[in-house]
Each structure stands twice: as C-alpha cells, then as structure tokens.
A.B. asks: 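Structure incoming, see below.
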Amino acid sequence: MSLPKQDNTRFPTSLLVLFVALAVGSAPALGGELYVGVSAAADRLSVGYQKVVDNTNPQNFSLNQGQIFRDAASGAGFGHSYGFLGGYRLPLSVTGIYVAVEGEMLRHGGAASGRLAGVGTSDGRNQLGEVWPENWSVGQDRSYGVTARLGAGIPFFGTWFGPSIYALVGMRRLNATFKSGFTGCFQETPCTSPNQLVAGSEDFSESSRGLTFGGGLEKRFGSLALRGEVRVTDFSEAERVSRFEDVFVTVPITLQPDSISLGASLVWYF
C-alpha cells in the first residue's frame, strides 16, 4: 500500500481542530486533566484486493500481447490489538459535557486472507500475462492515531456522577504486511507441462492512513476510569505497481482495507 489516491482526512482534521479550539478556549475558566492508560480490543479486518496484468507494452510478444486482465477478491479475518494511550480531557460545562484529545499506539495480531481465482485465456489461467490463481493475506502490524472525543455525563439517579457517553473521530496510520503465493509460467512461449511452471511469492510492508469513527461509554472510579467502545476505521485505497521489464508486463495491485474493533481501556487521571 503506497500513498493513498485520495485524501479523505480533511473532515476529521477539522473536527480535531474544533475540539482543540474548544478546549483551549475553555481551559482558563474550567481547567482539565491529563491521563494515561492501556487498551485492548478485538478486531475484524476486511480487505478488498484487485490485481491487473497489463500486456499492452509494444515490446510484449507473449501469447496475451495487447490484453489487460483484471481480477478482484475480498477477504476478512479476526485479530486483536493492545497498546498505550495518553491525552487531555477538559470539561466544558458543569453538566458533564467534555472534550478530550489523545494519542495512541497499538500493536496488532491477525490478518485478512483471500484467494484470487485468476483470469486469462488458458485453462489454468497460469500463462505469462494472465492473472494467476493466488492466495493472499494482509496482516496488521502496528498503528498510531490521534482521536478526539466529545462526551456528556448520563444522569444517574438525578445526579451527573454516573457513566458518560461519548462520540469519537480520529486519524490512524496502519503499518501492514502483504503476502501472496502463486504458480505460473514465466516464459513467453506457453508452458505445456507442470514442471515448466514456477512457484512465486510476494511479501512487502506498507503503510496506510485511515479515518476512525465510533463511540463508547466511560465510568470513573475516582482517578481511575473504565471505557468500552466501538470503532470503525476506513483506510484510503492505495496502489502498488510492479513492472517486469524482462517480459514487458506491468502489474498494478490495489488494496482497500477497513476494520471494526470492540475494545476496552483502563485510564488513570492525574
């Protein structure tokens, strides 16, 4: 996953700036609290994968000269994450409304996996210039993020000392690993026997930016607090292009990941 094709971070960036401005503007009158904490979550990662094999280079003399083949598949998988967080929370009114801005670092486990069926003119879809059948996976490694929260206390038996409910918006950067395995013909003349086919693989690490939306509940016990929340993260589509100069074939691939997580945090205010 290389640089995203489009920048869809403007809206959450504006919200983050607005929340920070509210906090700065209210700080002299109300004051706020710094906090640190730990978090853990169960994740579901979904990835859309598209692969194109382009044989339109005039110097391409393979069986599929001049043709472009496309194949796409999607995959999903479950994983987990854990990490550390730190931030600043500021009340905006005596009725329990507050804003908070925090940074977070997470380690991840788990991957989304799938299979391309392959596209081509041969029976096995494994000749040079075709999209070969392929097993692939995208694994989450680690991520970093900035999140803003807008919350309010929930009346509890006529008081504001019960739990609070909040909405969140943020930006994340995910480091992930793509892996694939395939078998096909690497020569311009068609392969006619299985022993002419060669196994190949691809393995690379990339980064992708994403937008996070969600909400949760927080219950304080003095200087400690417990949180439970749901997050949805939509990562920008990204493209990586491989060029095989010896056979004049270009292979762009496109990845579109997104994730849903259900997590809990333990926070200490000071």
Side-chain angles (χ1 to χ4, degrees), residues 1-21 23 35-49 74-89 99-113 137-151 166-179 204-218 227-240 254-267:
M1 291 180 287
S2 59
L3 291 177
K5 289 182 175 181
Q6 56 186 2
D7 183 4
N8 57 359
T9 62
R10 293 182 180 178
F11 177 62
T13 300
S14 299
L15 287 180
L16 286 172
V17 171
L18 175 61
F19 287 175
V20 171
Y35 62 87
V36 295
V38 293
S39 64
D43 307 313
R44 185 181 188 275
L45 177 68
S46 301
V47 179
Y49 173 42
S74 60
F78 291 95
H80 63 274
S81 61
Y82 59 90
F84 302 93
L85 59 90
Y88 182 76
R89 169 172 163 158
V99 293
V101 179
E102 73 180 40
E104 184 180 44
M105 179 179 66
L106 296 175
R107 297 286 298 182
H108 297 272
S113 60
S137 68
V138 176
Q140 302 181 97
D141 297 328
R142 61 189 181 276
S143 66
Y144 312 88
V146 177
T147 305
R149 288 174 170 79
L150 177 63
Y166 60 84
L168 64 87
V169 60
M171 297 177 291
R172 300 204 67 80
R173 185 175 184 86
L174 173 68
N175 294 333
T177 300
F178 175 86
K179 295 182 180 181
F204 57 84
S205 297
E206 292 290 342
S207 298
S208 184
R209 292 181 295 171
L211 310 180
T212 298
F213 301 91
L217 290 169
E218 178 177 305
R227 284 183 191 163
E229 67 182 35
V230 177
R231 297 186 185 186
V232 178
T233 304
D234 179 23
F235 292 97
S236 299
E237 181 182 275
E239 183 179 86
R240 182 183 180 94
T254 302
L255 298 170
Q256 177 66 71
D258 60 72
S259 69
I260 300 174
S261 65
L262 177 62
S265 303
L266 177 63
V267 178

A.B. asks: Is there a side chain to side chain donor-acceptor pair (under 3.5 Å) between Ser259 and Asp43? Walk through the geometry before answering.
C.D. replies: CA-CA 7 Å; Ser259 69; Asp43 307 313; over 6 Å; no
A.B. asks: Could you measure the distance from the NE2 atom of His108 to the CG atom of Leu106? Nearest 0.5 Å is fine.
C.D. replies: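 Answer for the NE2-CG pair, His108 versus Leu106, is 4.5 Å.
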A.B. asks: Which heavy atom in Ala111 sits nearest to a heavy atom in Gly139, and how many Å separate them?
C.D. replies: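 Minimum heavy-atom contact is CB-CA, 3.6 Å.
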A.B. asks: If you compare all heavy atoms of Ser236 against all heavy atoms of Ser208, which two are closest, and at what distance to 0.1 Å?
C.D. replies: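 The answer is O-OG, 3.6 Å.
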A.B. asks: For the atom pair OG (Ser39) and CE (Met105), what is the distance rounded to the nearest 0.5 Å?
C.D. replies: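 So the gap between those two atoms works out to 10.0 Å.
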A.B. asks: Hey, what do you get for CG (Asn175) to CZ (Arg142), rounding to the nearest 0.5 Å?
C.D. replies: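 It comes to 4.5 Å.
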A.B. asks: Is the backbone of Val146 close enough, under 3.5 Å, to the side chain of Glu104 for a donor and an acceptor to pair up by distance?
C.D. replies: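 Answer holds: no.
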A.B. asks: Please assess Val138 against Phe178 for the test side-chain contact (heavy atoms from CB on, under 4.5 Å), listing each intermediate value before the final yes or no.
C.D. replies: CA-CA 5 Å; Val138 176; Phe178 175 86; 3.8 Å; yes
A.B. asks: Any chance you could lay out the side-chain contact (heavy atoms from CB on, under 4.5 Å) test for Asp258 and Val232, step after step, and finish with the verdict?
C.D. replies: CA-CA 8 Å; Asp258 60 72; Val232 178; over 6 Å; no
A.B. asks: Measuring from atom CD of Glu229 to atom OG1 of Thr212, what distance do you get when rounded to the nearest 0.5 angstrom?
C.D. replies: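 So the gap between those two atoms works out to 9.5 Å.
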A.B. asks: Given side-chain contact (heavy atoms from CB on, under 4.5 Å), test Arg89 with Arg149 step by step and report yes or no.
C.D. replies: CA-CA 9 Å; Arg89 169 172 163 158; Arg149 288 174 170 79; over 6 Å; no
A.B. asks: Please report the closest heavy-atom contact between Leu45 and Pro257, naming both atoms and the distance.
C.D. replies: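 Scanning both residues completely, I find the closest heavy atoms to be CD1-CB, 4.3 Å.
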A.B. asks: Might you point out which heavy atoms bring Ala112 and Val47 nearest each other, and give the distance in Å?
C.D. replies: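 That closest heavy-atom pairing would be CB-CG2, 3.9 Å.
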A.B. asks: Can you name the residues that form a ring-ring contact (aromatic ring centres under 6.0 Å, His included) with Tyr35, not counting sequence neighbours?
C.D. replies: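 ring-ring contact (aromatic ring centres under 6.0 Å, His included) check on Tyr35 returns Tyr269.
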A.B. asks: Taking atom types as modelled and ignoring hydrogens, do the side chains of Arg172 and Ser143 form a donor-acceptor contact shorter than 3.5 angstrom?
C.D. replies: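 Note: Arg172 and Ser143 side chains meet the donor-acceptor criterion.
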A.B. asks: Which distance, rounded to the nearest 0.5 Å, do you find between the CG of Leu255 and the CD of Glu237?
C.D. replies: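 With rounding to 0.5 Å, CG (Leu255) is 9.0 Å from CD (Glu237).
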A.B. asks: To the closest 0.5 Å, what do you measure between CG (Asp234) and CZ (Phe213)?
C.D. replies: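 Answer for the CG-CZ pair, Asp234 versus Phe213, is 8.0 Å.
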